[in-house]
There are 2 protein chains.
Amino acid sequence: MARKRFDDSNCSVARALNEVGDWWSLLIVLQAMYGTRRYVDFQQQLGIAKNILCDRLSRLVENDVLAKVDVGEHGSRYEYRLTDKGRDLFPVVIALRQWGDKWNPAPDQAALDLRDRASGRPISPMQVQDADGKPLALRDVFLPDLDEEQAG
Amino acid sequence: MARKRFDDSNCSVARALNEVGDWWSLLIVLQAMYGTRRYVDFQQQLGIAKNILCDRLSRLVENDVLAKVDVGEHGSRYEYRLTDKGRDLFPVVIALRQWGDKWNPAPDQAALDLRDRASGRPISPMQVQDADGKPLALRDVFLPDLDEEQAG
DNA sequence: TCAATAGGGTTGCATTATGAAACCGAATTG
DNA sequence: CAATTCGGTTTCATAATGCAACCCTATTGA
């Protein structure tokens, strides 16, 4: 049967995964963050099958993560550019990258060294924070509504 | 043909997606963060097929995201608990949740109101930061090595 | 004691999704 | 005017998914 979709799930994580939760979409977004814009470049850099790339690009455009722009230049006719919505996946991608670097480091390769362009210093590890910037662990957060219900 | 795997990719995002990048794994981790531990509860709360749940739980255990614990209690014999590696997905899940809340809000429902247990205040939006906590946008970061190569 | 139920899985089967390669049409290049 | 390039679509074999049915072990419960 068809893969289960989560378009109308009441969980925003499920709805997010519905748009970028497959094997390729987030990698395409990542590649776009590196500056890739053209179909052939995505295809070569990711090693993705062309029909799958077409499908994913279409869905990302449909979901307003990428915008398909007609550029009339010699041969390269379209560009896929990140929208604001797509750029807003930056924290997601960085969090995922840091998790991968920490728990599945490449055996013979240093992790990518992302740095602040202004200061030249490495970016800091992503963390969930309270309003003052104090780091919060999983056990430090709660859902007021749910916990009230459970208490009542 | 077989789905492409990224076990040995030089990209840590690809390696991360290889472990939790399918349609269900991250939702299982999310559910585990809510406190779910038992097979039947995952099954009912997620509405996932039993064989798929088995497969995903096994893979998450294999990848040390969950730990399978034998609890001899009446009927409920096993628990799947988050490991440190699994708990470390907290920023990823929160980033994804906030992205979903912002760009695909539920039509007739408020976003989940996660709060700091100590202060009672809402958690702040996830952001990529420099060493001082200054927020960084996509355009503010760069890869020193790559940029040197390109300059050279 | 013996049937009913719950937990945690497997198995079979139909439906989809994926990957590789071949093919296509328009525009450029040589 | 033949060969490329870009951006796709088509075909086909293989893998993944979802559902329902089944299984085995404990535990109830009467």
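So you know, we letter chains A, B, ... as the sequences are listed, proteins then strands, and number each from 1.
In the interface, the side chain of Arg77(B) is not paired with the base of dG8(C) through any donor and acceptor atom under 3.5 Å apart.
The phosphate of dG8(D) (OP1 or OP2) has a side-chain N or O of Tyr80(A) nearer than 4.0 angstrom.
When the P atom of dT18(C) is taken as reference, atom CG of Leu27(A) falls 13 Å away, rounded to whole Å. Atom CZ of Arg37(A) is separated from atom P of dC6(D) by 16 Å (rounded to the nearest Å). For the pair Asp70(B) CG and dG7(C) C1', the computed distance is 12 Å after rounding to whole Å. Atom CH2 in Trp23(B) sits about 10 Å away from atom P in dT17(D), given to the nearest Å. As rounded to whole Å, 16 Å separates atom P of dG9(C) from atom CZ of Arg59(B). Rounded to whole Å, the distance from OH on Tyr78(A) to C1' on dT5(D) is 14 Å. Rounded to whole Å, the distance from CH2 on Trp24(A) to C1' on dA20(C) is 13 Å.
A heavy atom lying under 4.0 Å from DNA chain C marks the following residues of residues 39-58 of chain B, by number: Tyr39(B), Val40(B), Lys50(B), Asn51(B), Cys54(B).
Of the candidates dG8(C), dG9(C), dG8(D), the closest approach to any side-chain atom of Arg38(B) belongs to dG8(C).
Counting only N and O atoms by type, the side chains of Asp41(B) and Thr36(B) include no donor and acceptor under 3.5 Å apart.
Applying the side chain to side chain donor-acceptor pair (under 3.5 Å) test to Trp23(A) and every residue at least two apart in sequence or in another chain returns nothing. Legend: residues meeting side chain to side chain contact (heavy atoms under 4.5 Å, CB included) with Asn104(A), ordered by chain and number and at least two apart, are Arg15(B), Glu19(B), Lys85(B). Scanning for side chain to side chain contact (heavy atoms under 4.5 Å, CB included) contacts around Ala14(B) gives Leu27(A), Phe6(B), Ser9(B), Cys11(B), with sequence neighbours left out.
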Would you tabulate the side-chain donor-acceptor contacts of residues 128-140 of chain A under 3.5 Å, counting partners in other chains and residues two or more places apart, or write 'none'?
{"from": "Gln129(A)", "atom 1": "OE1", "to": "Gln129(B)", "atom 2": "NE2", "distance (Å)": "3.2"}
{"from": "Gln129(A)", "atom 1": "NE2", "to": "Gln129(B)", "atom 2": "OE1", "distance (Å)": "3.2"}
{"from": "Asp130(A)", "atom 1": "OD1", "to": "Asp132(A)", "atom 2": "N", "distance (Å)": "2.9"}
{"from": "Asp130(A)", "atom 1": "OD1", "to": "Gly133(A)", "atom 2": "N", "distance (Å)": "3.0"}
{"from": "Asp130(A)", "atom 1": "OD1", "to": "Lys134(A)", "atom 2": "N", "distance (Å)": "2.8"}
{"from": "Asp132(A)", "atom 1": "OD2", "to": "Arg121(B)", "atom 2": "NH2", "distance (Å)": "2.7"}
{"from": "Asp140(A)", "atom 1": "OD2", "to": "Ala137(A)", "atom 2": "N", "distance (Å)": "2.8"}

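Applying the side-chain hydrogen bond (donor to acceptor under 3.5 Å, both in side chains) rule to pairs touching residues 49-67 of chain B yields Asp22(B)-Arg56(B), sequence neighbours excluded.
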